[in-house]
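First up is the structure itself, then whatever we jot down about it.
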Amino acid sequence: MRIASWNINSVRARIGHVERFVKEFAPDILCLQETKVADDGFPTRAFADLGYSAHVVAGQKSYNGVAIFSRVPIEVTGGRDWCGRYDARHISVIIPGDIELHNFYVPAGGDIPDRAENEKFGHKLDFLTEMSEWFATARRAGDRMIMLGDLNVAPHESDVWSHKALLKVVSHTPIEVEHLEAVQQAARWCDAARHFRPVPEKLYSWWSYRSPDWEGSDKGRRLDHIWVTEPLVGAMTGFDIPKEPRRWEKPSDHTPVILDLDPDRAA
DNA sequence: ATGGTTGTGGTACAA
């Protein structure tokens, strides 16, 4: 079973890329972030044509938005409001193998890494804290769960092109890394990327639009993640972050992350 | 050190 997560930065602007990605990489379950469209404007027809018989979307006009499409049976379990506001940043489903899958779009956090000066940064930290508390209290680490999405934090030194240059840049500040680590400890999540590709290998899923030569300069960050709980660690059969979609014309600034999983091998 | 680009929706804001 192949599961992919992709921040596509507008599903309507990127529908052709989604079709190409599905044809070339064939995910059974496709999780999207930053769809940027209200639910009644979502191009669900295109996804049905790609063979996805089930879906759940949670969107709003212009900003945010998450979606899950599946060619295997899913049961929609949620979509929670975080930090007391509906902003379409989370949905969850049960997938085959009795696995609960959570798709998140964590707030980016603005430009200034200080909650006193920048409300968006405070919101990001509070969002991560609420995730920690929720997974520690409302969920059990021993259950089969997957969490994936654009978590907007690059935790390790090898998750960014320059640790030193990014220490004060939102996405890699020590306080954000601490908050993300607290989320990870809340359900003893295993980071699929680093299970297969351990540090210190450099691994990125995002490159800024602002670089005139994103691939040559390679100033990337690993903002997109797939985590699994302990019963699923032995069920993982492969992981990849293919760079091809970032090379396509008019791309998203994120490239997909892909996990292959054999639910029959789950503990 | 600074500014660089993109999508949405409407000429500003979020990323």
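Chain naming here is simple, since letters A, B, ... match the order of the sequence lines and numbering starts at 1 in each.
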- Integer-rounded Å distance: dA15(B) P and Ile8(A) CD1: 16 Å

- Task: Look at Arg246(A) and dT6(B) and indicate whether a side-chain polar atom (N or O) is within less than 4.0 Å of OP1 or OP2.
- Result: no

- With distance as the sole criterion, is a donor-acceptor pair present between the side chains of Gln33(A) and Ser5(A) under 3.5 Å? yes

- Roughly, in whole Å, what's the span from CD in Glu215(A) to C1' in dT5(B)? 17 Å

- Query: Rounded to whole angstrom units, what separation is found between the OH atom of Tyr209(A) and the C1' atom of dG7(B)?
  - Reply: 8 Å

- Message: Roughly how many Å apart are dA15(B) and dG9(B), using the C1' atom of each and rounding to a whole number?
- Response: 16 Å

- Task: Measure from the side chain of Asn9(A), starting at C-beta and using heavy atoms only, and say which of dT8(B), dA15(B), dG7(B) lies closest.
- Result: dG7(B)

- Item | is_close_aromatic(His102(A), Trp134(A)), centroid dist under 6.0 Å | yes

- Could you tell me whether Arg71(A) sits above the aromatic face of Tyr52(A), with NZ or CZ closer than 6.0 angstrom to the six-membered ring centre and within 45 degrees of the axis? yes

- Message: I need the OH-C1' distance between Tyr63(A) and dA15(B), as an integer number of Å.
- Response: 10 Å

- Task: Give the rounded distance in Å between these two atoms: NZ of Lys219(A) and C1' of dG4(B).
- Result: 11 Å

- Query: How far, in whole Å, is dT2(B) from dG7(B) if one measures between their P atoms?
  - Reply: 28 Å

- Message: Looking only at the aromatic ring of each residue, does the gap between the centers of Phe69(A) and Phe21(A) stay below 6.0 angstrom?
- Response: no

- Task: Round to a whole Å and report the spacing from CH2 of Trp206(A) to C1' of dT6(B).
- Result: 12 Å

- Query: If each of Asp150(A) and Pro251(A) is mapped to the nucleotide of DNA chain B with the nearest heavy atom, which maps nearer the 5' terminus, i.e. the 5' end?
  - Reply: Pro251(A)

- Phosphate contact (dG7(B) OP1 or OP2) by Lys250(A) side-chain N/O below 4.0 Å: yes

- Query: Between Asn7(A) and Val11(A), who's closer to the 5' end of DNA chain B by nearest nucleotide?
  - Reply: Val11(A)

- Query: So does Arg14(A) get a side-chain nitrogen or oxygen closer than 4.0 Å to the phosphate oxygens (OP1/OP2) of dT6(B)?
  - Reply: no

- Can you tell me if the side-chain N/O atoms of Lys61(A) get under 4.0 Å from OP1 or OP2 in dT8(B)? no

- Message: If the cut-off is 4.0 Å, is Ser62(A) near the phosphate of dG9(B), judged by side-chain N/O to OP1 or OP2?
- Response: yes

- Protein-nucleotide distance (Gln33(A), atom CD; dA14(B), atom C1'), rounded to Å: 17 Å

- Determine the Euclidean distance between corresponding C1' atoms of dT6(B) and dG10(B); express it in Å to zero decimal places. 16 Å

- Task: For Ile112(A) and dA15(B), give me the distance from atom CD1 to atom C1', rounded to whole Å.
- Result: 15 Å

- Pairing of Asp28(A) and Arg2(A) as salt bridge, 4.0 angstrom limit: no

